[in-house]
Amino acid sequence: MSEQLTYKKFLNQVKSGGLSLPEYYQELRKKIEAEDKEINSLLAVNNTLDERAAAAQVRYNDGTNRELEGIAVAVKDNIAVEGMPNTCASKILEHFIPPYQATVVQRLCDAGAIFVGKTNMDEFAMGSTTETSAFGATKNPVNKQYVPGGSSGGSAAAVAAGFVPAALGTDTGGSVRQPASFCGVVGYKPTYGLLSRWGVTAFGSSLDQVGTVTLNCEDAALLTSIMMGIDEKDSTSSSKVPENIKNFAAKDIKGKKIGIICETLENEHTDEAVRVVMQKKIEDLKAAGAVVEMTSIEEITYGVSIYYIIAPAEASSNLARYDGVRYGLQIPRNSDEDVKDLFTKTRSQGFGDEVKRRIILGNFVLSSGYYDAYYKKAQKARIVLADRFMREFDKYDYLITPTSPVLPFKLGENFDDPLKLYTADLCTIPVNLAGLPAVSIPIGTDAASGLPVGMQLIGKRFDDGLLLGTGEFILGGTK
Ligand code: GLN
């Protein structure tokens with residue numbers, strides 16, 4: 001297929017008659033068939049693409065085309081698209097087809113978007129490599145010996161491979177930003193509450209947000225402007241409309257005050273290779289007139305510990321519903337067994353190791369003997385961390401960190417070392433704990449390995465449009 005088009009260019013070409021939707025989707029199907037066997041970014045491909053493309057083309061021809069008519073979007077397999085599987089990359093939901101649609105998906109659908117397929121992910125979004133998927137790992141299109149990151153690794157790989165200009169993911173502790181960084185594309189996590197979570201399979205409900213993987217920040221803003229807004233089905237959704245999210249423009253960085261969180265750049269977990277690419281970008285920002293200085297947020301170093309108490313606690317409760325009765329897989333009990341045996345068998349065989357680890361951890365920190373010592377303390381520490389971020393924004397317009405302190409891992413490299421993977425979430429997790437918006441921008445590659453490095457730009461709550469505008473400027477203007 002020809003050059004990967006951003007939505008703006010795509011829509012302009014379709015409108016001017018330079019691009020035929022049926023041809024585009026035919027080529028897209030062929031490309032996916034030829035290339036995704038190896039990459040494994042899509043768990044299911046929509047089998048009605050040709051009909052949908054033809055219908056969208058008719059709308060252009062008769063002038064009834066809607067704002068996003070005909071754009072191709074891939075959706076992570078934990079966000080419900082009516083009529084398509086929603087496996088969460090777990091055996092326990094292998095044959096589950098939701099009879100409903102997530103609000104964010106419905107809104108894109110109403111604007112004319114076409115859903116190309118459901119993307120691979122870490123099982124129930126727990127992981128950082130997409131290797132915990134029950135349906136095989138995804139490979140990083142930049143270098144297929146490496147993981148694409150996770151948990152939205154399928155979404156990032158589908159965009160990086162040129163299958164779709166954008167994909168939806170979910171981000172509980174970095175799952176949109178980190179894979180975007182590993183695959184050299186843009187990954188954006190909105191302010192908590194900007195997008196409805198209805199129809200999105202819950203992991204850590206106080207942390208989860210749907211986010212976008214795109215080629216530039218403008219497309220992230222475009223999709224968000226359609227998906228956002230209050231939803232009566234999600235009481236945490238907000239009606240706030242961030243400045244610059246509609247009628248989007250890149251925002252000059254001149255005169256902006258930017259703080260580099262030193263704990264994320266200067267620590268033993270951060271690769272020298274990442275530091276080198278970051279330093280170069282920091283010099284560029286200064287040359288463009290930004291005031292960039294080091295700042296310390298010591299509390300950030302507790303982020304991983306806080307998260308790995310709160311997220312498993314919420315997950316253990318959210319995942320209790322998969323009992324073999326209400327959804328998906330059911331391993332039948334023997335005639336001498338009771339319903340508890342059915343639950344146990346189904347859950348033992350249906351969940352993978354990482355999910356079980358989190359459920360056990362979650363139950364432990366919520367149990368009566370340990371609730372105060374772990375869960376309650378983590379909640380208090382979370383508030384301290386969030387407050388600390390607020391104070392930092394009295395001084396700075398934006399904060400920056402590497403998105404990941406390390407370069408992409410080799411496939412299989414850390415599969416048996418969960419703790420190492422947990423600590424690599426150092427830079428992204430605090431943002432979810434504080435409910436802030438952040439975007440990962442590809443800023444270059446490591447000279448030795450050619451692997452991508454991403455920079456994370458963090459903004460104030462509901463400053464999403466300005467954040468993306470600044471991100472676009474850093475990225476080098478609208479592509
Ligand atoms: N890597 C983190 C985890 O495993 C983040 C996951 C996510 O954001 N869904 O929990």
Side-chain angles (χ1 to χ4, degrees), residues 75-79 88-90 119-133 137-138 147-156 167-182 187-190 192 195 197 200-213 269 303-316 318-319 351-362 365 378 382 403-406 408-409 413-440 454 456:
V75 180
K76 188 176 180 179
D77 209 18
N78 61 348
I79 305 173
C88 296
S90 179
T119 59
N120 201 5
M121 54 187 280
D122 282 297
E123 186 178 2
F124 281 102
M126 297 171 188
S128 309
T129 63
T130 314
E131 289 169 300
T132 72
S133 166
T138 298
V147 302
S151 65
S152 313
S155 295
L168 301 186
T170 57
D171 192 313
T172 304
S175 274
V176 164
R177 290 159 286 157
Q178 184 257 25
S181 167
F182 276 16
Y188 156 62
K189 181 202 91 76
Y192 184 81
L195 300 186
R197 287 179 294 110
V200 180
T201 310
F203 164 11
S205 309
S206 73
L207 303 153
D208 298 340
Q209 262 307 271
V210 167
T212 56
V213 179
H269 303 296
V304 171
S305 310
I306 300 169
Y307 174 90
Y308 279 98
I309 292 171
I310 291 176
E314 295 185 10
S316 66
N318 279 324
L319 270 59
F351 288 134
D353 288 350
E354 184 61 30
V355 174
K356 286 180 189 160
R357 188 177 294 130
R358 308 261 180 136
I359 292 174
I360 293 169
L361 198 58
V365 299
R382 178 180 185 175
T403 305
S404 165
V406 292
F409 316 113
E413 185 184 331
N414 289 318
F415 194 65
D416 297 322
D417 193 352
L419 218 53
K420 190 163 167 215
L421 290 175
Y422 296 176
T423 43
D425 290 336
L426 163 81
C427 308
T428 48
I429 275 176
V431 174
N432 298 71
L433 289 169
L436 301 169
V439 59
S440 174
Q456 173 174 242

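We count residues from 1, following the sequence as given. Each ligand, and each atom within it, is numbered from 1 in the order the structure gives.
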Subject >> Taking atom 7 (C) of ligand 1 as the reference point, the nearest protein heavy atom with its distance >> reply: S175 OG, 2.4 Å
Original post:
More than 12 foreign heavy atoms under 6.0 Å from CG of D417: is that the case here?
Top reply: yes
**OP:** Any atoms of ligand 1 less than 4.0 Å from a non-hydrogen atom of A125? List them with their elements.
**Re:** 6 (C), 7 (C), 9 (N)
Subject >> Any N/O pair T170/ligand 1 closer than 3.5 Å >> reply: no
**OP:** Please confirm whether G150 comes within less than 3.5 Å of ligand 1 when only nitrogen or oxygen atoms on both sides are compared.
**Re:** no
Original post:
For atom 3 (C) of ligand 1, which candidate among Y308, F203, F124 holds the nearest heavy atom?
Top reply: Y308
Subject >> Atoms in ligand 1 flagged as close to S151, the criterion being non-hydrogen separation under 4.0 Å >> reply: 9 (N)
**OP:** Look up atom CG in N318 and atom CZ in R358, then write down how far apart they are to the nearest 0.5 Å.
**Re:** 13.5 Å
Subject >> T172 and ligand 1 - part of the residue with a heavy-atom distance under 4.0 Å >> reply: both
**OP:** Classify the angle between the aromatic ring planes of F203 and Y307 as parallel (below 30°), tilted (30 to 60°) or perpendicular (above 60°).
**Re:** perpendicular
Original post:
Does L168 offer a backbone N or O that forms a donor-acceptor pair with the side chain of T212 under 3.5 Å?
Top reply: no
Subject >> Check: L421 main-chain N/O paired with N414 side-chain donor or acceptor under 3.5 Å >> reply: no
Subject >> Modelled atom types, side-chain donor and acceptor of S440 and T403, under 3.5 Å >> reply: yes
**OP:** Among D171, T172, D425, find the one that has a side-chain hydrogen bond (donor to acceptor under 3.5 Å, both in side chains) with N432.
**Re:** D171
**OP:** Pick one of side chain, backbone, both or neither for how R358 approaches ligand 1, counting any non-hydrogen atom pair under 4.0 Å.
**Re:** side chain
Original post:
Below 4.0 Å from any atom of ligand 1, is there a heavy atom belonging to G174?
Top reply: yes
Subject >> Candidates T201, T170, T119 - the one meeting side-chain hydrogen bond (donor to acceptor under 3.5 Å, both in side chains) with K76 >> reply: T170
Original post:
Relative to ligand 1, is Y307 under 4.0 angstrom through side chain, backbone, both or neither, heavy atoms considered?
Top reply: side chain
Original post:
For G173, is at least one N or O under 3.5 Å away from an N or O on ligand 1?
Top reply: yes
**OP:** Could you check atom 2 (C) of ligand 1 against the protein and tell me its nearest heavy-atom contact, residue, atom and distance included?
**Re:** D425 OD2, 3.2 Å
